Amino acid sequence: MKITSYGVNAVNAYKNQVRNVKSNTNKASFADKIEISKAAQEMRGVSTYSSERADHVQQLKKDIASGEYKVDARKVAQDMLKYYRF
């Protein structure tokens, strides 16, 4: 069997292509900019909500531990019905 070197130059055809390099004619400095959307700005207010919720959860834990917390069975049933109906 005879092996010839036909097509060896075509193995890496991309290497031989000429690249067009853009020159830096525009030397203006580019700075990163951050724009906060309105939705993200509204979400900043969530931090106060989470602290209020944490206080409420702590109060519920204290009430449950002391036995003062009473479950309103009617309210639980209404919420369960509303959840499963819709």
Side-chain angles (χ1 to χ4, degrees):
M1 174 190 230
K2 184 176 181 183
I3 299 174
T4 59
S5 62
Y6 292 120
V8 172
N9 294 336
V11 171
N12 195 356
Y14 295 106
K15 182 178 179 182
N16 297 331
Q17 289 182 351
V18 177
R19 291 186 187 178
N20 292 334
V21 179
K22 293 181 181 179
S23 63
N24 287 336
T25 57
N26 186 6
K27 299 202 180 215
S29 63
F30 293 101
D32 293 336
K33 288 193 254 183
I34 296 176
E35 294 182 14
I36 300 174
S37 67
K38 289 183 181 183
Q41 290 174 354
E42 291 174 3
M43 291 173 63
R44 285 183 179 176
V46 174
S47 62
T48 58
Y49 171 74
S50 61
S51 64
E52 291 173 2
R53 180 160 174 82
D55 293 339
H56 183 68
V57 168
Q58 289 298 324
Q59 183 61 40
L60 286 173
K61 286 182 179 181
K62 287 178 186 175
D63 290 346
I64 291 170
S66 66
E68 296 177 9
Y69 183 73
K70 303 292 183 206
V71 177
D72 184 8
R74 184 176 300 275
K75 174 86 169 117
V76 171
Q78 287 174 348
D79 288 343
M80 286 176 65
L81 286 173
K82 185 173 24 172
Y83 176 78
Y84 287 111
R85 284 185 182 164
F86 298 106

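Along the sequence shown, the residues carry numbers beginning at 1. Just so we're clear, the structure is a prediction, and the values are computed from it rather than from any experiment.
- Residues passing the salt bridge (Lys or Arg N to Asp or Glu O under 4.0 Å) test with D63: none are found, sequence neighbours excluded.
- For Q78, there are no side chain to side chain donor-acceptor pair (under 3.5 Å) partners two or more places apart in sequence or in a different chain.
- Hydrophobic clustering (side-chain heavy atoms under 4.5 Å, transitive across Ile, Leu, Val, Met, Phe, Trp, Tyr) keeps V57 apart from I64.
- To the nearest 0.5 Å, the span separating CD on Q41 from NZ on K38 amounts to 8.0 Å.
- Between Q59 and D55, the closest side-chain pair of non-hydrogen atoms is not below 4.5 Å.
- Taking the side chain to side chain contact (heavy atoms under 4.5 Å, CB included) definition, one finds that K70 meets it with nothing, sequence neighbours left out.
- The cluster map of Ile, Leu, Val, Met, Phe, Trp and Tyr, joined by side-chain heavy atoms under 4.5 Å apart, puts V76 and L81 in different clusters.
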